[in-house]
Amino acid sequence: MDLFNADLHIHSPHSIGVSKSLSLDTMFDTCKKKGLNILGTGDVLQPDWLKLLEDNLEKDKNGAYRYKDIYFILQTEIEDQESVHEVVFFEDFDMVRTIQKKLEPYSSNILGEWGGRPRVNLSPRELVDIISDEGALIGPAHAFTPFKAIFRQNKFKTLEECYAGATKKIKFIELGLSANTDLADRLECLKDVTFLSNSDAHSQGPRSLGREFNKFYIDNPSFNEILQAIERKNGRRITLNVGLNPKLGKYNVMFCNKCRRRILFKKVKKQVNTIFNQYSITDNFVIYYANDPISSRLDYIEQVSKNKMICPACKEQLNKNFKIKLGVSERIEKISTYNEPKHPNHRPPYTNAVPLVDIIRSIKNIKSSTSKTVLNQYSKIIQGLGTEFEILIDIPISKIENFDPNIALVIQALRNNEIEYTPGGGGTYGQINFQI
Ligand SMILES: [Zn+2]
Ligand SMILES: [Zn+2]
């Protein structure tokens, strides 16, 4: 048995908004730099991508698919009738083709050029039945995001509500960038499922690919071993979920559905009389002032859940009423069954990571993550010290200090959970804040 770093949900150039330079070779390069051993193929039901994978992936003696020395799990994402996104893993190409054929009558885009993430006219339950009957594995993608996710606002509150009689076939959920184990383990209905932390990358860049990943303890990198690990059978398991702090995700806090400003609460000493009447508006935020921001925020969330809260910025500036929507953190608060996380015994630890490129960028005060200075420094530190994951998680701080004391400082703070974050929301990523 061995440890493998696996990011099991990505996309191909056949999904909308995906980098055109994403290819097996560019993915391979990033995997080597980061220390990723296994990748999801993304979009495997799309005919052109499927053909490319069939032509280029080699099957080894364990039935694992390989490109050079990076392993791949055949994977796609599907949108069902309820606009819930699901991640699917397949054992082999035969299984992919069988399921492709079964889904075709229910989908207008599954064979299309842009059908990377097909939509099927099936209920979540029907889709789960079709997929699992063939031996493939399915579970909800980015389970808490405000769009296209099972637990989004005004949608399902439990797995059972969504999947009914097929609930037992759901062995995992994907946390998504804006959630972590502490947030998700506040829902009783998730106690028996395994959590996956995947990147959902739309680019091979080192900021996207592997920004979230899982450490698998398995015998070899094949579908069968991954399946056993997700089902926690025969000693196979996930030993660590690694991901962004939820505040760095794009949908952590409440936001206006129109102007996309994020909603924050701040404590003030001066007596605030009228509820939600004192606020300031900046380019990116509406900040409410309250004497007791915690309870004011809860009242506010209550109103937002009822679709009753309108954006004061849009009201003032456009004289129009647009609704505030819940972010991942508030939605979890709303549907949670526990006030504090209750981790089942099988739950592995969750470690925060920030892409190394973002750390370098923040230290050098450079906005663009594709800047030459940033990417050169990135390559240099990897050549000098080891893979990105080793640098972020394992390598002693003293070694990193010899290389660059500022980077060492941030990584130490990250490991000790001492970093401050500006929460993301409304489609904008959060940020790390620190002074050096
Ligand atoms: Zn999705
Ligand atoms: Zn607005």
Side-chain angles (χ1 to χ4, degrees), residues 7-12 14-18 40-46 75-89 107 109-110 114-120 124 127 131 138-152 155-156 162 172-179 196-203 208-209 211-212 243 249-251 253-264 276 279-288 300 303-304 307-328 425-428:
D7 174 1
L8 296 179
H9 175 185
I10 68 159
H11 287 278
S12 80
H14 297 278
S15 281
I16 296 190
V18 170
T41 58
D43 302 356
V44 74
L45 292 169
Q46 200 284 333
Q75 168 263 322
T76 196
E77 186 182 29
I78 301 178
E79 180 173 321
D80 65 33
Q81 216 173 41
E82 298 289 340
S83 295
V84 172
H85 283 186
E86 335 259 2
V87 189
V88 182
F89 305 116
S107 176
N109 67 345
I110 192 165
W114 297 104
R117 183 186 47 219
R119 183 176 165 102
V120 295
L127 179 63
I131 299 281
I138 181 168
H142 45 75
F144 304 95
T145 51
F147 303 102
K148 313 281 186 186
I150 174 174
F151 296 131
R152 71 185 184 270
K155 209 66 197 177
F156 305 108
C162 178
F172 72 87
I173 68 153
E174 182 182 75
L175 293 170
L177 304 187
S178 301
L196 291 181
S197 37
N198 299 320
S199 73
D200 199 352
H202 285 56
S203 144
S208 303
L209 206 66
R211 61 190 160 185
E212 305 220 331
K250 285 198 277 192
Y251 297 107
V253 294
M254 294 177 276
F255 62 99
C256 164
N257 206 18
K258 172 72 181 172
C259 71
R260 300 276 165 155
R261 282 187 178 83
R262 286 161 264 175
I263 308 295
L264 298 178
F276 315 138
Y279 52 82
S280 57
I281 297 168
T282 70
D283 283 353
N284 298 313
F285 298 96
V286 174
I287 302 156
Y288 285 97
Y300 193 89
Q303 297 300 314
V304 174
N307 260 328
K308 277 190 178 159
M309 201 43 90
I310 60 158
C311 170
C314 287
K315 179 82 194 158
E316 273 181 27
Q317 293 171 5
L318 310 169
N319 201 19
K320 285 215 169 112
N321 292 343
F322 290 107
K323 297 275 162 56
I324 302 296
K325 263 178 109 84
L326 294 181
V328 167
T428 307

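One is the number of the first residue; the rest follow in order along the sequence. Note that ligands are numbered from 1 as they come in the structure, with each ligand's atoms numbered from 1 the same way. For clarity, every value in this text was computed on a predicted model and none was experimentally measured.
- For the residue pair Gln46 / His11, no side-chain donor-acceptor distance below 3.5 Å is found, with atom types taken as modelled.
- Judged purely by distance below 3.5 Å, without hydrogens or angles, the side chains of Ser83 and Arg119 pair a donor atom with an acceptor atom.
- Side-chain contact annotation: His14 with Asp43, donor-acceptor N/O pair under 3.5 Å absent.
- Cys259 contributes SG and Cys314 contributes SG; the angle these two atoms make at the Zn ion (ligand 2) is 120°, rounded to 10°.
- Nearest N/O/S atom of His85 with respect to the Zn ion (ligand 1) is recorded as ND1.
- Atom OE2 is the N, O or S atom of Glu77 at the shortest distance from the Zn ion (ligand 1).
- Below 30°, between 30° and 60°, or above 60°: for Phe89 and Phe172 the angle between ring planes is between 30° and 60°, a tilted geometry.
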